[in-house]
Engineer: 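First, the structure itself, so that you have it in front of you.
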2 protein chains.
Amino acid sequence: MVTLAEVARHAGVSASTVSYVLSGKRTISSGTRQRVEQSIRELGYHPNAGARALASSRSNIIALMMPLRTDMYVPVMMEIAVAVATTAREHQHDVLLLTGQEGPEAVRRVVGSGLADAMILMDVELEDDRLPLVREARRPAALIGLPADPRGLACVDLDFAATGRLCVEHLAGHGHRDIAVVGEAPAVYERHTGFAERTLDGIREKSAELGVRVLHRPCEGSYESVAGTLARIFDERPGTTGLVVQNESAIEPLLSLLRQQGRAVPEDISVVAICPDQVAGQTSVALTSVAIPAQEMGRRAVEMVMTRAGLGGAPAMTGTEQVELLPPRLTVRASTGPAPAAAGPLPG
Amino acid sequence: MVTLAEVARHAGVSASTVSYVLSGKRTISSGTRQRVEQSIRELGYHPNAGARALASSRSNIIALMMPLRTDMYVPVMMEIAVAVATTAREHQHDVLLLTGQEGPEAVRRVVGSGLADAMILMDVELEDDRLPLVREARRPAALIGLPADPRGLACVDLDFAATGRLCVEHLAGHGHRDIAVVGEAPAVYERHTGFAERTLDGIREKSAELGVRVLHRPCEGSYESVAGTLARIFDERPGTTGLVVQNESAIEPLLSLLRQQGRAVPEDISVVAICPDQVAGQTSVALTSVAIPAQEMGRRAVEMVMTRAGLGGAPAMTGTEQVELLPPRLTVRASTGPAPAAAGPLPG
DNA sequence: GTGAAAGCGCTAACAG
DNA sequence: CTGTTAGCGCTTTCAC
């Protein structure tokens, strides 16, 4: 294994000079720099991570904690994870993957051992077990999701309330007066993740404002569940002409069922989905949708912890409250259109 | 920060004793052990990861390298990643998440810096860029997937050839004589990932053996693409009564299209899918399927690197070739049945 | 069964 | 602009 000392000897300089060439923490004459860089290349030197962490008490590692449950929409989580890893590399950091498996203890372990300099928590719940530990850890942390009490924490999330309002605005703008929400699975509401409720709040608020009637039904992702939910919706509100779908796995079954029932999209019924753009484009009818900005959430979370660690150029700010709600963007595709003139029972 | 030295003082022993209590590498009288453990708990001591890595030249970290492309089926990748992380913890290791972003260089960086003790590569291609570096790294590594030349490497994968044979056997057993394969996207074949070809090989072999006719068509996941593929299949082979689907994202559109065309599953046409069990159970018609054993692949990969690192109880064996193909399991659900008596054109 | 002490490879004062 | 040096906290001989 090539060490810094060997590089120093090879380049005819002292160890500290090599170290400073690497870190850029003091000015080096371009002559020495060249020779050192040359030696580094020739010897194939890589600084030892452990030694560096020990001496500098910074590991250059960010811990990313995934939720225990897997009922979250997986592609979004994956996209966040990849964005976190990519952005972290841009800041000379690596990412340690923690699953919820170990529970809140993982926070203590990773922080206590100095394994990670900072952490990012995904799928944060309103009352999250991990938050007390995160607060007392006194390490930069960023949450993806919005807890009930974000005091002293950094959080990024999609502005779900605005998302809800946007969906209603779009449908109302097309003359829909009676809409239904195909919501998340009941378990999601019970777990109090917050985002589902916030979406509903936004939907209800804007509906009230615009005089639109709303019916909300939670819905699992299975075909049967969607069938049942749809049946109950049309049973209770036969005049429904607009649907907002928040459960991504319900989308395909939903479209399939509507087609089977002879309800044309968007002629008879308009559908707005809250889902990744990639999904919205692949369905049988391209979906008007509000995207979940997974990449941006991951990127911002990393930038937040870097800033809070004092590595962003600005001074450190661990402990400051910082809530960032990303504005929703609605993309109009083929699944929404004007409300049918007479919103009566099934056509034909 | 609590250090080992402080624990030692608190317990009235020497630093090395504390270290040995922690590692179990020498026998400690139960008296001292108790006192040390007590002190550790009281002081909330966590060994410093950097110091430990430096002194022992083992980081207790496994690098997991994900593919750059995102056209792999995401839920499977995620499941593998979670299984890797979970199993790693059972072996006192953490997982570092690397994306393909950096390319093969990432291997060099992580290994050179001693950041990771071992690595696991996902989505390995037949001629994978990373393999030369992995070979010269002389660190334990495990591949998920099977390269053209596995010499000196450890690999786990589903036995896709056997999977193909199994699908054909099942359909042939139900009297199907004319089957079609809805394959992966053309890009997957072009990239030479191997698994798609191996599945086909198995399908063709068993078909030849059993006198079944096979038509293969690559297929993207989009609705249009599936529609086109299906049209071409039934155009060319109207008598097709069995379908093997390998592209998971094609499944929902496929079922939806068959229904629209008035082809009942399984009465008119049988469908076997190669996909996670969870997907197979959620579709409108529960799918007879061969599962991708994602969890087991992740788990085995970790166990392989642990063994090769000499941490599995047995002696180390880096450099030994070790190819492990997991046997496929076919689960019969509702999407397959006897071939219709007269396999003619569309019913009705 | 336990201690003492020599590093592991790097960083960051301190000294010029 | 560069060199010297004292640790960082732990593991692991060696010694008893």
Side-chain angles (χ1 to χ4, degrees), chain A residues 1-37 39-40 43-61 92 109-117 310-311, chain B residues 1-37 39-40 43-61 92 109-117 310-311:
Chain A
M1 194 194 189
V2 188
T3 70
L4 185 146
E6 301 181 64
V7 174
R9 199 174 324 122
H10 186 274
V13 298
S14 75
S16 62
T17 298
V18 178
S19 176
Y20 284 119
V21 166
L22 253 26
S23 69
K25 287 187 181 171
R26 76 186 187 190
T27 41
I28 305 282
S29 72
S30 76
T32 349
R33 151 166 294 117
Q34 307 259 305
R35 267 181 303 128
V36 170
E37 281 167 349
S39 300
I40 287 177
L43 302 181
Y45 168 71
H46 283 274
N48 179 285
R52 187 170 260 191
L54 177 57
S56 66
S57 34
R58 302 209 310 92
S59 64
N60 277 250
I61 288 178
Q92 276 72 257
R109 182 173 64 82
V110 164
V111 162
S113 66
L115 226 190
D117 295 335
L311 301 173
Chain B
M1 193 195 191
V2 188
T3 71
L4 184 148
E6 301 180 66
V7 174
R9 201 175 321 123
H10 186 273
V13 298
S14 75
S16 59
T17 298
V18 177
S19 177
Y20 284 119
V21 165
L22 253 26
S23 68
K25 285 187 182 171
R26 79 181 182 192
T27 42
I28 305 280
S29 73
S30 77
T32 26
R33 151 167 294 118
Q34 306 257 303
R35 266 181 302 127
V36 171
E37 281 168 350
S39 300
I40 289 178
L43 302 180
Y45 168 71
H46 284 272
N48 180 285
R52 186 169 259 193
L54 176 56
S56 65
S57 34
R58 301 206 311 91
S59 64
N60 276 253
I61 288 178
Q92 274 73 257
R109 182 174 63 82
V110 164
V111 162
S113 66
L115 225 190
D117 295 334
L311 302 173

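Chain letters run A, B, ... following the sequence lines, proteins first, then strands; residues in each count from 1.
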Engineer: Using five base pairs at each end to define the local axes, how bent is the helix from C:dG1-D:dC16 to C:dG16-D:dC1, to the nearest 10°?
Structural biologist: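 That helix has its two terminal axes inclined by roughly 30°.
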Engineer: If you round to the nearest 0.5 Å, how far is CD1 of A:Ile40 from CG of A:Leu22?
Structural biologist: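 Between atom CG of A:Leu22 and atom CD1 of A:Ile40 there are 4.5 Å.
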Engineer: With sequence neighbours excluded, tell me which residues meet salt bridge (Lys or Arg N to Asp or Glu O under 4.0 Å) with B:Arg58.
Structural biologist: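 Here the qualifying residues are B:Asp117.
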Engineer: Sequence neighbours left out, what passes side chain to side chain donor-acceptor pair (under 3.5 Å) with A:Ser113? Give chain and number order.
Structural biologist: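 Once residues adjacent in sequence are excluded, A:Ser113 has no partner under the side chain to side chain donor-acceptor pair (under 3.5 Å) criterion.
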Engineer: Could you identify which residues of residues 45-57 of chain B place a heavy atom less than 4.0 Å from some atom of DNA chain C, listed by residue number, or say none?
Structural biologist: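 Nucleic-acid contacts, sorted: B:Leu54, B:Ala55.
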Engineer: Quick one, B:Val2 and B:His10 - any side-chain contact, counting heavy atoms below 4.5 Å?
Structural biologist: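 No, every pair of side-chain atoms sits at 4.5 Å or beyond.
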Engineer: Can you see which heavy atom on A:Leu43 is nearest to which on A:Val7, and at what distance?
Structural biologist: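 That closest heavy-atom pairing would be CD1-CA, 3.9 Å.
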Engineer: Heavy atoms within less than 4.0 Å of DNA chain C: which residues of residues 2-12 of chain B have one? Give them sorted by number.
Structural biologist: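 DNA chain C contact set from residues 2-12 of chain B: B:Gly12.
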Engineer: Using the heavy-atom set of chain B and a strict 4.0 Å cut-off, write down the first and last nucleotide of DNA chain D that makes it in, 5' to 3'.
Structural biologist: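 Using the under 4.0 Å cut-off, the span is D:dG9 to D:dC14.
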Engineer: What are the two closest heavy atoms between A:Ser30 and A:Gln34, and how far apart are they?
Structural biologist: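 Closest approach of A:Ser30 to A:Gln34: O-CG, 2.6 Å.
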Engineer: For B:Met1 and A:Gly112, which heavy atoms make the closest approach, and how far apart are they?
Structural biologist: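 B:Met1 and A:Gly112 have their closest heavy atoms at CE-O, 3.7 Å.
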Engineer: Using every non-hydrogen atom in the two residues, find where B:Arg109 and B:Leu115 come nearest and quote the distance to one decimal.
Structural biologist: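 It is NH1-CD1, 4.4 Å.
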Engineer: Does anything in residues 15-25 of chain A reach DNA chain C, meaning a heavy atom under 4.0 Å, and if so which residues?
Structural biologist: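 Result for residues 15-25 of chain A: A:Ser16, A:Ser19, A:Tyr20, A:Lys25, sorted by number.
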Engineer: Using a 4.0 Å cut-off to any heavy atom of chain B, which nucleotides of DNA chain C are the first and last in contact, reading 5' to 3'?
Structural biologist: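 On DNA chain C, the outermost contacted nucleotides are C:dG1 to C:dG9.
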Engineer: Could you go through residues 11-18 of chain B and list every donor-acceptor pair under 3.5 Å that involves a side-chain atom there, pairing it with any protein atom two or more places apart or in another chain?
Structural biologist:
| from | atom 1 | to | atom 2 | distance (Å) |
| --- | --- | --- | --- | --- |
| B:Ser14 | OG | B:Ser16 | OG | 3.1 |
| B:Ser14 | OG | B:Thr17 | N | 3.4 |
| B:Ser14 | OG | B:Thr17 | OG1 | 3.2 |

Engineer: According to side chain to side chain donor-acceptor pair (under 3.5 Å), who are the partners of A:Ser19, at least two apart in sequence or on a separate chain?
Structural biologist: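 Expected list: none.
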Engineer: Given side chains that start at C-beta, do those of A:Ile61 and A:Val110 come closer than 4.5 Å, heavy atoms only?
Structural biologist: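 Answer no - side chains too far apart.
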Engineer: Can you name the nearest heavy-atom pair linking B:Ala53 to A:Gly50, along with the distance?
Structural biologist: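 Closest pair (atom of B:Ala53, atom of A:Gly50, distance): CB-CA, 4.1 Å.
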Engineer: If the condition is salt bridge (Lys or Arg N to Asp or Glu O under 4.0 Å), which residues does B:Glu37 pass it with, not counting sequence neighbours?
Structural biologist: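 With neighbours one apart ignored, the set is B:Arg33.
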Engineer: What pairs with B:Ser29 under side chain to side chain donor-acceptor pair (under 3.5 Å), at least two apart in sequence or on another chain?
Structural biologist: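 For B:Ser29, the residues satisfying side chain to side chain donor-acceptor pair (under 3.5 Å) (neighbours in sequence not counted) are B:Thr32.
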Engineer: What is the minimum heavy-atom distance between B:Tyr45 and B:Thr3, and which atoms define it?
Structural biologist: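 So the minimum-distance heavy-atom pair works out to CE1-C, 3.5 Å.
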Engineer: Hey, what do you get for CD1 (A:Ile28) to OG (A:Ser23), rounding to the nearest 0.5 Å?
Structural biologist: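 Reported to 0.5 Å precision, the distance equals 8.0 Å.
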